[in-house]
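Hydrogens, waters and symmetry mates are skipped; everything else that's a heavy atom, side chains included, is used.
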Amino acid sequence: MSDLIKAAWRNYLLQLQLHPLRTKAITAGVLVGCSDVIAQKISGIKRLQLRRLILMMLYGFAYSGPFGHFLHKLMDIIFRGKKDNTTVAKKVVLEQLTSSPWNNMFFMMYYGLVVEGRGWGLVRNKVRKDYPSVQLTAWKFWPIVGWVNYQYMPLQFRVVFHSFVASCWAIFLNLKARSVAIKKA
């Protein structure tokens with residue numbers, strides 16, 4: 001079994017080197033899918049909602065993987081690959097002031113409009129109501145992840161690392177939402 005895992009890992013690394021965008025997109029889609037399956041089970045859904053799962057995987061594959069790929073390439077260009085503490089701090093601040101707010105807003109709109117199939121008015125109101133607390137919570141957690149990512153992760157692994165942490169974060173948020181719902185019941 002160990003040889004099989006080693007061979008799979010070597011093949012994954014080769015794909016990451018030969019086809020970085022495609023590999024990161026597929027990885028993000030798979031991780032978002034795993035996260036959604038776990039989130040559905042945690043939230044008490046008895047039968048897997050396949051449509052929701054596919055739409056969430058599509059989000060990872062078509063948006064978050066490619067967005068992360070190009071974001072990290074751009075950051076490396078802007079900061080010329082430097083990894084000193086000052087540069088890492090600048091990268092984290094830039095990411096938190098630009099892509100973090102955009103990604104949270106975009107995800108909330110995608111989830112409401114596409115995954116849940118709600119109308120624009122309902123989604124707009126939900127975003128207006130929930131976005132500030134979502135973004136403030138993100139600013140408490142994601143700068144640490146960003147620091148680790150920019151300081152210690154090689155460029156080719158940054159999207160993979162971010163996608164993995166995002167999957168864990170989504171499970172945490174689902175647990176938190178569920179515990180709030182249980183307390184209200």
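- With contacts defined as side-chain heavy-atom distances shorter than 4.5 Å, the pair Y131/P101 qualifies.
- Proximity of K129 to N125: side-chain heavy atoms (C-beta onward) are nowhere separated by under 4.5 Å.
- When all heavy atoms of G60 and P66 are compared, the closest pair comes out as O-CD, 4.0 Å.
- Within the 4.5 Å cutoff, the side chain of F164 has no heavy atoms near those of the C34 side chain.
- Within the 4.5 Å cutoff, the side chain of S2 has heavy atoms near those of the K6 side chain.
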### Task
Just do the side-chain contact (heavy atoms from CB on, under 4.5 Å) check on V115 and Y59 with the steps written out, would you?
CA-CA 10 Å; V115 178; Y59 175 84; over 6 Å; no
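- Rounded to the nearest 0.5 angstrom, L31 CG and S167 OG are separated by 4.5 Å.
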### Task
Walk me through it: do W169 and S35 pass the test side-chain contact (heavy atoms from CB on, under 4.5 Å)?
CA-CA 9 Å; W169 178 248; S35 173; over 6 Å; no
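- A chain of hydrophobic side-chain contacts below 4.5 Å, direct or via other Ile, Leu, Val, Met, Phe, Trp or Tyr residues, connects I78 to V92.
- Rounded to the nearest 0.5 Å, atoms CD1 (I38) and CD1 (I171) are 4.0 Å apart.
- Contact of the L58 side chain with the Y63 side chain is not registered, since no non-hydrogen atoms from C-beta on lie closer than 4.5 Å.
- Using cut-offs of 30° and 60° on the angle between ring planes, the pair H72 and Y150 is tilted.
- Q156 contributes atom CD, which lies 6.0 Å from atom CG of L16 (distance to the nearest 0.5 angstrom).
- Salt-bridge check for K83 with D76: failed, with every basic side-chain N at 4.0 Å or more from each acidic carboxylate O.
- Looking at M56 and Y111, their side chains come closer than 4.5 Å, going by heavy atoms from C-beta outward.
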### Message
Under the criterion side-chain contact (heavy atoms from CB on, under 4.5 Å), I'd like the reasoning laid out for Q15 against R22: C-alpha separation, chi angles, the key distance, then a yes or no.
### Response
CA-CA 9 Å; Q15 291 303 310; R22 179 179 71 189; 3.0 Å; yes
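- Distance alone, capped at 3.5 Å, places no donor-acceptor pair between the T23 side chain and the P20 backbone.
- The two atoms that bring Q96 and A138 nearest to each other are OE1-O, 4.3 Å, heavy atoms only.
- The aromatic rings of Y110 and F106 lie parallel to each other, with less than 30° between the two planes, well short of the 60° mark.
- By the 4.5 Å heavy-atom criterion applied to side chains, N85 and W147 are counted as neighbours.
- Under the 4.5 Å side-chain contact rule for hydrophobic residues, Y12 and L18 do not share a cluster.
- Taking the six-membered ring wherever Trp is involved, the centroid distance between the rings of F157 and F161 does not fall below 6.0 Å.
- Residues R118 and L113 come closest through the heavy atom pair O-CD2, 3.6 Å.
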### Query
Under the side-chain contact (heavy atoms from CB on, under 4.5 Å) criterion, do V159 and F67 qualify, and how do the steps go?
CA-CA 9 Å; V159 174; F67 182 90; over 6 Å; no
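- If you chain together hydrophobic residues whose side chains sit under 4.5 Å apart, V37 and L55 never meet in one group.
- Between K126 atom NZ and M108 atom CE the span is 6.0 Å, to the nearest 0.5 Å.
- Here the NE2-CE distance, from H162 to M153, works out to 12.0 Å after rounding to the nearest 0.5 Å.
- For the residue pair M75 and K91, the shortest heavy atom distance occurs at CE-O, 3.4 Å.
- Minimum heavy-atom separation, V32 to M57: CG1-N, 4.2 Å.
- With values rounded to the nearest 0.5 angstrom, M109 atom CE is found 12.0 Å from R124 atom CZ.
- Residues S100 and Q135 have side chains that bring a donor and an acceptor to within less than 3.5 angstrom of each other.
- Looking at every heavy atom in both residues, D36 comes nearest to L53 through OD2-CA, 3.5 Å.
- When each of V145, I144, T137 is paired with F141, the side chain to side chain contact (heavy atoms under 4.5 Å, CB included) condition holds for V145 and for no other.
- Put simply, the side chain of L94 reaches to within 4.5 Å of the side chain of F79, judged on heavy atoms.
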